[in-house]
Amino acid sequence: MKIAKKVIAAAWLVLVLAFIYIPILLLAVYSFTDAVMVGGAVDGFSLHNYATLFRNEELRDMITGTVLLAVGSALIATVLGTLGAIGAFYSRKTAKGLINYANQIPVVNADVVTGFSVCVLLIVVIGIKKETFVPLVAGHVVLCSPFVYLSVLPRLRQMDNSLYEAALDLGATPAQALFKVVLPQLLPGIISGFMLAVTLSLDDYFITTYTKPSTFDTISTYVVNATKGGQTDIKTALWALSTIIFLIVVVAVVLMNVLSGKKRASEERI
Amino acid sequence: MTGALKLRFNRKQLCIPYVAFLVLFVICPLLVVVYYAFTSGTGSITIENFVNFFTNTNTLGTLLYSIAISVVTTAVCLVIAYPVAYVLARSRLKKKYVLLMLFVLPMWINFTLRITALKEILSSIEGNLSAYPFLNTVTGMTYDFLPFMILPLYTSLSKLDKSLTEAAEDLGANGFTVFMRVILPLSVPGIISGVTMVLLPSMTNYVVLDMLYNSTYIMGSLIGSYFAAYDWHGGSMISLILLIIIFVITLATNRFSDDETSGRAML
């Protein structure tokens with residue numbers, strides 16, 4: 001009875017993992033061939049998809065653009081969100097509650113609505129040109145900063161408040177106390193907030209479509225357009241992109257686990 | 001001079017830039033959307049936009065289709081994810097964290113690329129994708145949102161106090177009763193936050209439908225088509241309807257909410 005239960009449980013996990021990974025892995029296998037569709041004729045091993053991905057200027061620009069946008073908006077979001085969290089944490093209860101509510105709006109809101117509303121205000125009402133990238137970056141910061149705020153706030157709660165007071169008593173200016181005492185303690189929250197911001201921006205489609213300049217594309221908007229077009233060259237080069245991103249994610253997750261495992265081990269030793 | 005400035009420096013003031021940002025780029029856009037929803041192209045105040053929405057069979061059909069897609073997707077995600085989260089949370093494996101990572105790792109791959117992968121597989125199985133639009137859409141949405149259901153369920157199930165289930169067993173409850181009367185009720189916060197994380201995106205993420213050649217509209221597609229037609233009033237009206245739906249869902253789920261299991265914040 002117990003063994004049967006364990007077998008069923010394991011079988012379910014394997015089945016779900018198969019559902020998750022078969023498409024990605026199969027696409028990865030086909031990205032190394034000449035095939036123009038999965039399940040289609042395969043003419044042996046080929047790296048031409050990877051060659052296209054690195055040689056095609058349009059694809060290269062699109063990838064650099066996506067990464068720059070993600071890192072740029074994440075940096076702005078991290079500064080805003082962190083300062084916001086520190087300020088809100090020390091504010092009076094009502095002010096704090098109001099900021100928390102406002103912060104929650106983009107979190108629960110649908111990305112379509114967020115993107116559309118930013119577009120209507122900035123582009124239609126105020127008349128900022130899409131080509132300035134201001135609406136696009138603003139939209140991405142709206143998407144990301146609430147999550148930075150949410151990942152910094154728990155760190156503030158855990159922090160020993162008397163450290164800041166002690167720094168002041170020992171003659172530090174408030175700014176010094178902030179940079180030398182408070183911020184280092186918040187660092188893990190700030191870093192994870194930043195990482196989260198980068199991933200959210202990289203994954204976004206809706207805010208980007210509604211606010212981007214017409215000549216600019218991120219991976220998401222590019223992929224959606226490419227699947228509508230008939231260029232098989234580009235289509236299969238995107239398989240290569242998918243495979244590279246998959247590998248980067250796997251390496252990043254493994255590294256993160258190894259690092260946090262080491263940290264945990266060293267903490268246990270203490 | 002600068003000395004005086006430094007003295008007046010106050011930690012509370014640090015939130016001023018962020019508050020200004022929230023007001024300018026979050027609250028103001030929503031106010032504008034509300035204003036646009038109730039005005040026509042000529043600037044006069046009207047509720048015509050809404051009357052049209054709720055009297056037109058096409059748009060009502062879109063609303064119903066969105067609800068059908070999102071409810072079925074959420075149910076499928078829950079049925080797939082609950083056993084996974086349950087097995088992982090109760091497993092005594094030392095490295096179960098690695099296993100959990102394996103289930104949520106695709107979350108970090110761009111969703112359009114993941115849907116591309118799924119689309120290639122589905123079209124090699126089905127031949128013509130447009131033959132099963134509903135099935136394909138639900139599969140695509142499930143593929144996209146499954147990690148967001150697994151994570152909160154896992155969090156709430158792994159926090160569950162083992163002594164409670166042991167007590168129920170000692171008091172004579174069988175496995176099924178323990179699950180129904182102890183484990184399931186205690187995992188409600190996880191279920192609720194998983195459901196809210198899947199329900200709403202699956203009502204609005206029209207890219208999944210587009211990429212899988214499902215030409216039926218959901219609520220999100222309406223905003224997309226109004227955007228393409230520069231009809232800001234129509235788009236705002238749909239946005240407002242979605243905002244109301246979101247508000248109702250948030251209110252309804254708030255009393256079950258559990259800070260640690262809520263939102264994409266756990267990513």
Side-chain angles (χ1 to χ4, degrees), chain A residues 9 12-13 16-17 20 22-24 26-27 37-39 80-81 83-84 86-88 90-91 99 102-103 105-110 112-113 116-118 120-121 124-125 138 142 145 147 150-151 173-175 196 199 202-203 205 210 219-220 223-224 227 238 241-242 245-246 249-250 253 257, chain B residues 6 9 11-19 21-22 25-30 32-33 36 80 83-84 87 97-98 101-103 105-106 108-114 116-121 123-124 146 200-201 204 207 210-211 220 223 227 232 235-236 239 242-243 246 250 263-265 267:
Chain A
W12 187 253
L13 296 192
V16 177
L17 282 178
I20 295 173
I22 284 178
I24 300 172
L26 217 54
L27 204 71
M37 57 183 282
V38 170
L80 276 174
L83 290 180
I86 299 174
Y90 293 109
S91 295
I99 300 173
N103 185 72
I105 295 174
V107 178
V108 296
N109 203 349
V112 194
V113 178
F116 184 82
S117 66
V118 169
V120 170
L121 177 72
V124 181
V125 177
V142 168
S145 47
F147 292 96
L150 287 178
S151 58
T173 63
L196 189 59
T199 38
L202 287 177
D203 206 46
Y205 170 84
Y210 293 135
I219 293 177
S220 304
V223 170
V224 172
T227 46
L238 291 173
L241 178 63
S242 157
I245 293 180
F246 176 62
V249 169
V250 170
V253 166
N257 272 307
Chain B
K6 265 180 196 163
F9 174 90
R11 280 180 295 179
K12 284 182 213 168
Q13 290 159 357
L14 289 174
C15 68
I16 291 171
Y18 189 53
V19 170
F21 176 80
L22 285 176
F25 294 104
V26 175
I27 296 173
C28 283
L30 293 184
V32 169
V33 159
Y36 266 57
I80 295 177
V84 171
V87 173
Y97 192 68
V98 176
M101 277 319 216
L102 218 50
F103 279 92
L105 183 146
W108 288 292
I109 304 172
N110 185 291
F111 84 97
T112 57
L113 290 171
R114 271 188 292 143
T116 306
L118 184 73
K119 180 189 149 198
E120 293 295 331
I121 305 301
S123 40
S124 76
L146 192 60
L200 199 71
T204 53
V207 171
D210 277 359
M211 290 183 76
I223 297 187
F227 172 79
W232 315 114
S236 297
S239 299
L242 279 171
L243 280 170
I246 294 162
T250 315
R264 284 180 284 192
L267 256 158

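The structure presented is a predicted model; accordingly, all values stated were derived computationally and were not measured.
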*Asks:* Could you look at B:Ser123 and say if it's the side chain, the backbone, both or neither that has a heavy atom under 4.5 Å from chain A?
*Replies:*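 Contact with chain A involves no heavy atom of B:Ser123 at all.
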
*Asks:* So for B:Asn110, is it side chain, backbone, both, or neither that comes closer than 4.5 Å to the heavy atoms of chain A?
*Replies:*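 Contact with chain A: backbone and side chain both.
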
*Asks:* Report the option among B:Leu242, B:Thr250, B:Val32, B:Ile80 that has the most heavy-atom pairs separated by less than 4.5 Å from atoms of chain A.
*Replies:*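 Going by pairs under 4.5 Å, I would pick B:Ile80.
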
*Asks:* Of the backbone (N, CA, C, O) and the side chain (C-beta and beyond), which part of B:Leu105 lies under 4.5 Å from a heavy atom of chain A, both, or neither?
*Replies:*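 Interface part for B:Leu105: both.
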
*Asks:* Rounded to the nearest 0.5 Å, what separation is found between the CG atom of B:Leu14 and the OH atom of A:Tyr90?
*Replies:*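 Going from CG on B:Leu14 over to OH on A:Tyr90, the span is 10.0 Å.
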
*Asks:* Does any heavy atom of chain A fall under 4.5 Å from the side chain of B:Leu118, the backbone, both, or neither of them?
*Replies:*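 Contact with chain A is through both the backbone and side chain of B:Leu118.
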
*Asks:* Side chain to side chain contact (heavy atoms under 4.5 Å, CB included) for B:Tyr18 and A:Asn103? Distances and angles first, verdict last.
*Replies:* CA-CA 9 Å; B:Tyr18 189 53; A:Asn103 185 72; 2.5 Å; yes

*Asks:* Looking at every non-hydrogen atom in both residues, tell me the closest pair between A:Ala9 and B:Val87 and how far apart they are.
*Replies:*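 Heavy-atom minimum between the residues: CB-CG2, 3.7 Å.
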
*Asks:* Can you give me the closest heavy-atom contact between A:Ile219 and B:Thr112, atom names plus distance?
*Replies:*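 Minimum heavy-atom separation between A:Ile219 and B:Thr112: O-OG1, 4.2 Å.
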
*Asks:* Rounded to the nearest 0.5 Å, what separates atom NZ in B:Lys119 from atom OG1 in A:Thr227?
*Replies:*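 OG1 of A:Thr227 is found 5.0 Å from NZ of B:Lys119.
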
*Asks:* Check whether A:Asp203 reaches the backbone of B:Phe111 with its side chain - one donor and one acceptor, N or O, closer than 3.5 Å.
*Replies:*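 Side chain of A:Asp203 to backbone of B:Phe111, a donor-acceptor pair under 3.5 Å: yes, one is there.
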
*Asks:* What part of B:Phe21 lies closer than 4.5 angstrom to a heavy atom of chain A: side chain, backbone, both or neither?
*Replies:*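 For B:Phe21, side-chain heavy atoms alone lie under 4.5 Å from chain A.
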
*Asks:* Return the option, out of A:Val223, A:Val250, A:Ile86, with the maximum number of heavy-atom pairs under 4.5 Å with chain B.
*Replies:*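 Winner by heavy-atom pair count: A:Val223.
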
*Asks:* For each of A:Val224, A:Val253, A:Leu80, tally heavy-atom pairs with chain B at distances under 4.5 Å, and name the one with the top tally.
*Replies:*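 Most heavy-atom pairs under 4.5 Å with chain B: A:Leu80.
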
*Asks:* What is the minimum heavy-atom distance between B:Leu200 and A:Val108, and which atoms define it?
*Replies:*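 Where B:Leu200 meets A:Val108 most closely, the heavy atoms are CD2-O, 3.2 Å.
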
*Asks:* With chain A as the partner, which of B:Pro201, B:Pro83, B:Gly220 has the greatest number of non-hydrogen pairs under 4.5 Å?
*Replies:*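 Winner by heavy-atom pair count: B:Pro83.
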
*Asks:* Pick one of side chain, backbone, both or neither for B:Pro17, based on which atoms fall under 4.5 Å of a heavy atom in chain A.
*Replies:*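 Both parts, backbone and side chain.
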
*Asks:* Specify which of A:Ser91, A:Ala88, A:Ala138 makes the most heavy-atom pairs with chain B at under 4.5 Å.
*Replies:*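 Of the options given, most contacts go to A:Ser91.
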
*Asks:* Check each atom of B:Ile16 against the heavy atoms of chain A and say whether the ones under 4.5 Å are side chain, backbone, both or neither.
*Replies:*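 No part of it gets close to chain A.
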
*Asks:* For B:Ile246 and A:Ala110, which heavy atoms make the closest approach, and how far apart are they?
*Replies:*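 Result for this residue pair: CD1-N, 3.6 Å.
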
*Asks:* Can you tell me how far the CG atom of B:Leu113 sits from the CD1 atom of A:Ile24, to the nearest 0.5 Å?
*Replies:*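 Rounded to the nearest 0.5 Å, the CG-CD1 separation comes to 10.0 Å.
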
*Asks:* Under the side chain to side chain contact (heavy atoms under 4.5 Å, CB included) criterion, do A:Val16 and B:Leu146 qualify, and how do the steps go?
*Replies:* CA-CA 10 Å; A:Val16 177; B:Leu146 192 60; 3.9 Å; yes

*Asks:* Which atom pair, heavy atoms only, marks the closest approach of B:Val26 to A:Ala102?
*Replies:*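 It is CG1-O, 4.3 Å.
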
*Asks:* Which one, A:Leu202, A:Ile105, A:Leu26, A:Ile20, leads in non-hydrogen pairs under 4.5 Å with chain B?
*Replies:*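 Highest number of pairs under 4.5 Å: A:Ile20.
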
*Asks:* Please classify the contact between B:Val19 and chain A as side chain, backbone, both or neither, with a heavy-atom cut-off of under 4.5 Å.
*Replies:*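 For B:Val19, the side chain is the part near chain A, not the backbone.
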
*Asks:* Please name the pair of heavy atoms, one in A:Gly84 and one in B:Cys15, separated by the smallest distance, quoted to 0.1 Å.
*Replies:*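 Reported closest heavy-atom pair: O-CB, 3.6 Å.
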
*Asks:* Between B:Val33 and chain A, which part of the residue has a heavy atom less than 4.5 Å away: side chain, backbone, both or neither?
*Replies:*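 For B:Val33, the contact with chain A is made by the side chain alone.
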
*Asks:* Please identify, among A:Leu238, A:Val113, A:Leu241, the residue contributing the most non-hydrogen atom pairs under 4.5 Å to chain B.
*Replies:*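 Among the listed options, the one with the most contacts to chain B is A:Val113.
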
*Asks:* Evaluate the ring planes of B:Trp232 and A:Phe116, with Trp represented by its six-membered ring, and classify them as parallel (under 30°), tilted (30 to 60°) or perpendicular (over 60°).
*Replies:*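 Tilted, since the angle between the ring planes falls between 30° and 60°.
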
*Asks:* Side chain from CB out, backbone as N, CA, C, O: work out which of these in B:Ile27 comes under 4.5 Å of a heavy atom of chain A, or both, or neither.
*Replies:*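 The answer is the side chain of B:Ile27.
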
*Asks:* Given heavy-atom pairs under 4.5 angstrom as the criterion, report whether the side chain, backbone, both or neither of B:Leu22 touches chain A.
*Replies:*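 The side chain, not the backbone.
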
*Asks:* Under a 4.5 Å heavy-atom cutoff, which of A:Ile245, A:Val142, A:Val118 has the most pairs with chain B?
*Replies:*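 Winner by heavy-atom pair count: A:Val142.
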
